[in-house]
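Since the structure comes first, as structure tokens, the remarks are kept for the end.
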Protein chains: 2
Amino acid sequence: MNKDPLQSCTFAATERRIDTTCRRFPEFPRNPAVLVRLIKRIHQQVHDAANAVLRRYGLNHTDYNILMMIYGSDGAGVSPGELALAAGEKGANLTRICNALHDGGLIARAPSAEDRRKLALTLTAQGIALVERLLPDMCRLLDAQTQGLDATQMAQAEALLKHLLGNAEQIATGPMAGDAP
Amino acid sequence: MNKDPLQSCTFAATERRIDTTCRRFPEFPRNPAVLVRLIKRIHQQVHDAANAVLRRYGLNHTDYNILMMIYGSDGAGVSPGELALAAGEKGANLTRICNALHDGGLIARAPSAEDRRKLALTLTAQGIALVERLLPDMCRLLDAQTQGLDATQMAQAEALLKHLLGNAEQIATGPMAGDAP
DNA sequence: ATTATTTAGTTCACAAATGAATATTTTATT
DNA sequence: AATAAAATATTCATTTGTGAACTAAATAAT
């Protein structure tokens with residue numbers, strides 16, 4: 001019956017550990033560390049919850065993300081590369097997932113007309129039907145996950161997270177990205 | 001030379017797909033979906049960047065998280081269960097990771113005195129040395145990942161993310177958590 | 001006390017994800 | 001036009017992560 005999710009979460013212990021770390025190693029940046037750990041924890045919980053829901057439909061969260069990316073692309077189909085980028089998966093993993101979705105009759109692969117290196121992935125009728133059958137459940141889940149945030153907070157969160165993503169992508173292509181002898 | 005990380009990110013395509021989805025399936029909640037996908041993308045990028053840095057030290061991001069949890073716990077040691085919760089990993093995975101860290105001479109395991117079911121994990125001298133050797137690099141990374149956010153924004157982000165985590169944890173223990181016949 | 005229930009950790013079989021190497025096609029360079 | 005470079009997707013070996021079944025210890029219930 002805890003009505004205040006702000007206080008009920010299990011993050012306090014982690015926060016204490018970060019504070020202790022700051023005392024042992026003063027340069028350790030508390031706030032960035034807190035944000036990164038929050039992101040990780042939320043991601044894990046969201047992933048688990050989605051898996052629990054989607055299992056009923058024979059899918060997992062990754063499958064769902066891929067299907068939804070295709071569902072959200074008008075007509076012409078999406079290439080594995082675009083999907084990998086959009087879904088935050090590596091190419092090799094995408095091949096595996098798409099193999100499974102294809103074997104399950106949910107997606108179709110066609111070689112792309114303009115660029116024969118690319119594939120155009122589309123949903124089959126069966127794929128569309130499955131997506132629209134599970135979407136009500138997933139909508140409920142998404143709403144529950146963001147319950148208690150008003151429009152302003154939602155917009156704030158979106159802006160802040162986009163900033164973080166921008167930073168992260170800059171790092172990935174920037175000077176910190178490996179390669180010191 | 002893109003000075004505005006807000007606009008340089010590759011998220012626009014995903015956002016367009018979400019909008020398309022909303023047109024095809026009007027109940028689909030745009031803002032929650034955006035937030036969840038942002039979280040996933042950020043997590044993935046953060047994870048990759050950390051892995052790139054930590055590889056030089058023979059570790060990966062998960063190992064690092066575990067070591068840091070122990071590093072941040074005053075003295076008495078942490079149990080695998082606490083770590084699993086704090087690090088967002090499942091128990092089975094923790095056993096494997098701790099085996100590796102133990103084999104590498106970085107952590108020590110001792111049966112807990114009060115409760116003989118529990119283990120108390122501590123860092124060895126070697127583990128502490130490694131942590132303090134890699135921390136400067138990781139501090140730089142954390143700062144880069146949150147660059148451009150002032151204290152207010154950082155606090156806002158923290159509050160909003162804690163809210164989301166609270167929601168997610170409530171779902172995990174709540175009515176949506178599986179088990180319909 | 002004795003028996004159940006819960007909690008902590010591990011094991012094991014399997015699923016999911018990754019890095020590195022490869023084949024093929026496109027684009028740039030000469 | 002011929003060749004070099006970059007991009008797309010796949011394969012394969014390995015690492016990383018998970019659910020379910022299991023053991024042992026603590027706690028609750030009878």
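All values below come from the heavy atoms of this structure, side chains included, with hydrogens, waters and symmetry mates left out. In what follows, chains carry the letters A, B, and so on, assigned in the order in which the sequence lines appear, proteins first and then strands, with residues in each chain numbered from 1.
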According to a strict under-4.0 Å criterion, is B/Thr62 in side-chain N/O contact with OP1 or OP2 of D/dT16?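 No, B/Thr62 has no side-chain N/O under 4.0 Å of OP1/OP2 on D/dT16.
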Side chains of B/Ile39 and A/Val46: closer than 4.5 Å at any heavy-atom pair?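 No, every pair of side-chain atoms sits at 4.5 Å or beyond.
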I'd like to check A/Ile107 versus A/Thr122 (side-chain heavy atoms, cut-off strictly below 4.5 Å). Are they in contact?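 Of all side-chain heavy-atom pairs linking A/Thr122 with A/Ile107, none is under 4.5 Å.
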Atom of A/Lys90, atom of A/Ala84 and distance for their closest heavy-atom approach: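 The pair with the smallest heavy-atom distance is C-CB, 4.4 Å.
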Smallest separation among heavy atoms of A/His102 and A/Ala108, with atom names: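 Of all heavy-atom pairs spanning A/His102 and A/Ala108, the closest is CD2-CA, 4.3 Å.
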Choosing from [options], which nucleotide comes nearest the side chain of [X]?
{"X": "B/Leu119", "options": "C/dG9, D/dA9, C/dT26", "result": "C/dG9"}
{"X": "A/Arg116", "options": "C/dT26, C/dG9, D/dG17", "result": "C/dT26"}
{"X": "A/Lys118", "options": "C/dG9, D/dT10, D/dT8", "result": "D/dT8"}

From A/Arg16, A/Arg24, A/Arg23, residue fulfilling side chain to side chain donor-acceptor pair (under 3.5 Å) relative to A/Thr20: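 Only one option passes, and that is A/Arg23.
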Got a list of side-chain donor-acceptor pairs under 3.5 Å for residues 67-78 of chain A, not counting sequence neighbours?
unit_1, atom_1, unit_2, atom_2, d
A/Tyr71, OH, A/Glu132, OE2, 2.6
A/Ser73, OG, A/Met69, O, 2.6
A/Ser73, OG, B/Arg17, NE, 3.3

What pairs with A/His61 under ring pair (Phe, Tyr, Trp, His ring centres under 6.0 Å), at least two apart in sequence or on another chain?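 For A/His61, the residues satisfying ring pair (Phe, Tyr, Trp, His ring centres under 6.0 Å) (neighbours in sequence not counted) are A/His47.
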What is the distance, to the nearest angstrom, from the [atom1] atom on [X] to the [atom2] atom on [N]?
{"X": "A/Glu114", "N": "D/dA7", "atom1": "CD", "atom2": "C1'", "value": "14 Å"}
{"X": "A/Leu85", "N": "D/dA9", "atom1": "CG", "atom2": "P", "value": "12 Å"}
{"X": "B/Asp115", "N": "C/dT7", "atom1": "CG", "atom2": "P", "value": "12 Å"}
{"X": "A/Asn60", "N": "D/dG17", "atom1": "CG", "atom2": "P", "value": "16 Å"}
{"X": "A/Leu59", "N": "C/dA15", "atom1": "CG", "atom2": "C1'", "value": "15 Å"}
{"X": "A/His102", "N": "D/dA9", "atom1": "NE2", "atom2": "P", "value": "15 Å"}
{"X": "A/His61", "N": "D/dG17", "atom1": "NE2", "atom2": "P", "value": "17 Å"}
{"X": "A/Lys40", "N": "D/dT16", "atom1": "NZ", "atom2": "P", "value": "13 Å"}

Which residues within residues 75-83 of chain A lie with some heavy atom under 4.0 Å of an atom in DNA chain C?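 Nucleic-acid contacts, sorted: none.
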May I ask you to list the residues of residues 106-113 of chain A, by number, that have any heavy atom positioned under 4.0 Å from an atom of DNA chain C?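 Those residues whose heavy atoms fall under 4.0 Å from DNA chain C, taken from residues 106-113 of chain A, amount to none.
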Testing B/Leu83, B/Leu85, B/Thr62 one by one against B/Leu94 for a side-chain contact (heavy atoms from CB on, under 4.5 Å), which residue passes?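 Considering B/Leu83, B/Leu85, B/Thr62, a side-chain contact (heavy atoms from CB on, under 4.5 Å) with B/Leu94 is found only for B/Leu83.
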Summarise how protein sits on nucleotides 18-24 of chain C as a single string, 5' to 3': B when a protein heavy atom is under 4.0 Å from the base, S for sugar-phosphate-only contact, - for no contact. BBS----
Thinking salt bridges, do [X] and [Y] make one under a 4.0 Å N-O criterion?
{"X": "A/Asp137", "Y": "A/Arg140", "value": "yes"}
{"X": "A/Arg96", "Y": "A/Glu89", "value": "no"}
{"X": "A/Glu15", "Y": "A/Arg37", "value": "no"}

Can A/Glu114 and A/Ser112 be said to form a side-chain hydrogen bond (donor to acceptor under 3.5 Å, both in side chains), step by step? CA-CA 6 Å; A/Glu114 339 87 53; A/Ser112 167; 3.2 Å; yes
Rounded (10°) bend between the five-pair end axes of the helix from C/dA1-D/dT30 to C/dT30-D/dA1: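 The helix from C/dA1-D/dT30 to C/dT30-D/dA1 shows an end-to-end axis angle of 30°.
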Check against salt bridge (charged side-chain N to carboxylate O under 4.0 Å, His left out), B/Glu169 and A/Arg41: CA-CA 10 Å; B/Glu169 291 184 342; A/Arg41 290 277 300 271; 2.9 Å; yes
Distance from A/Asp115 atom CG to A/Leu119 atom CG, nearest 0.5 Å?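 That separation rounds to 10.0 Å.
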